[in-house]
Amino acid sequence: MLLMKSIIILYSYHHNNTEKIANVIAKILEAEIKTPKQVNPEELQEYSLIGFGSGIYGENLHKSILDLADKMTQISTKKAFIFSTSALAEKNSNHKTLRKKLQSKGYVIIDEYNCRGFNTNSFLKFFGGMNKGRPNEKDLKNAEEFAQKILES
Ligand SMILES: Cc1cc2nc3c(=O)[nH]c(=O)nc-3n(C[C@H](O)[C@H](O)[C@H](O)COP(=O)(O)O)c2cc1C
């Protein structure tokens, strides 16, 4: 059993792409997974590590995650990480709003992860979608390595 108590707050609805990544990370960190709705901002104080995961919708993490960050209590220093799946390779640039909100509450962002996810949003559904099969084995392996690095940090 790990000494560190971890939680992942996840919003994944389009094709459960981000959920696949969350499951891999949660297994390594022995973290429980909850949706923003299932979390009371006060209870987050019990955790020493908090992960935030979401698909990218309109160039940002889901609004329910951003709203939760707004409600979170100011703390001195705690660790957090952010991960996402998106249609386009975005190299964590769409994490900016959440990153800033968390930092302003005293969180240290130890690492961030993004990979492509299957997307059938809007007109794409007529063409079979884009990024079929993503996240793939390699994306999951990279997520595993990401979690392993967090564990060692
Ligand atoms: C309403 C909507 C808006 C989206 N906006 C973006 C976007 O701005 N940039 C992007 O790269 N992908 C965008 N996507 C694609 C999703 O980020 C991608 O499919 C992601 O893997 C979905 O994650 P999920 O299955 O965990 O919900 C959008 C998808 C939907 C449904």
Side-chain angles (χ1 to χ4, degrees), residues 2 4-41 43-44 47 49-72 78-105 107-151 153:
L2 299 177
M4 184 173 60
K5 196 173 175 200
S6 313
I7 186 169
I8 289 174
I9 299 158
L10 172 73
Y11 193 92
S12 174
Y13 82 99
H14 187 40
H15 288 287
N16 300 327
N17 296 327
T18 321
E19 188 180 354
K20 291 174 191 147
I21 300 294
N23 288 337
V24 166
I25 297 175
K27 200 168 166 198
I28 292 177
L29 299 180
E30 296 179 15
E32 54 185 315
I33 301 178
K34 286 190 177 181
T35 64
K37 257 193 171 170
Q38 292 168 330
V39 167
N40 167 355
E43 97 189 61
L44 290 178
Y47 298 89
L49 177 67
I50 310 178
F52 296 85
S54 166
I56 297 297
Y57 319 105
E59 297 181 5
N60 219 324
L61 296 149
H62 192 260
K63 190 175 176 298
S64 59
I65 298 239
L66 302 176
D67 288 348
L68 176 69
D70 282 334
K71 290 189 207 126
M72 281 163 60
K78 259 194 187 182
K79 291 178 178 177
F81 63 91
I82 304 172
F83 62 98
S84 65
T85 64
S86 53
L88 308 172
E90 50 107 336
K91 294 208 180 82
N92 306 330
S93 61
N94 293 327
H95 299 173
K96 195 168 151 200
T97 313
L98 180 65
R99 191 188 303 132
K100 284 200 163 161
K101 284 182 191 292
L102 293 175
Q103 284 168 340
S104 78
K105 295 282 168 93
Y107 285 81
V108 175
I109 311 298
I110 47 177
D111 209 353
E112 303 184 36
Y113 178 86
N114 169 265
C115 71
R116 306 263 183 124
F118 183 43
N119 180 24
T120 54
N121 187 32
S122 182
F123 66 89
L124 287 166
K125 60 178 164 286
F126 303 114
F127 302 98
M130 64 188 287
N131 305 331
K132 203 159 197 281
R134 302 289 294 271
N136 59 20
E137 282 304 311
K138 188 158 188 291
D139 298 321
L140 297 179
K141 183 102 196 61
N142 288 340
E144 215 174 281
E145 283 167 17
F146 169 79
Q148 207 65 51
K149 264 208 293 186
I150 288 177
L151 202 59
S153 74

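We count ligands from 1, going down the list as the structure has it; atoms in each ligand are counted the same way.
- Atom NZ of Lys79 has 12 or fewer neighbouring heavy atoms from other residues, nucleotides or ligands inside a 6.0 Å radius.
- Checked by atom type, the side-chain pair Glu32/Tyr47 shows a donor-acceptor distance below 3.5 Å.
- Atoms CZ and CD1, from Phe83 and Ile150 in turn, are 9.0 Å apart once rounded to the nearest 0.5 Å.
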Worked check of salt bridge (Lys or Arg N to Asp or Glu O under 4.0 Å) between Asp139 and Arg116:
CA-CA 8 Å; Asp139 298 321; Arg116 306 263 183 124; over 6 Å; no

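- Protein residues with a heavy atom closer than 4.0 Å to ligand 1 are Ser12, Tyr13, His14, His15, Asn16, Asn17, Thr18, Gly55, Ile56, Tyr57, Gly58, Glu59, Thr85, Ser86, Ala87, Leu88, Gly117, Phe118, Asn119, Asn121, listed by chain and number.
- Put simply, the side chain of His15 never gets that close to the backbone of Asn17: no donor and acceptor are under 3.5 Å apart.
- A donor-acceptor pair shorter than 3.5 Å can be found between the side chains of Thr85 and Thr18.
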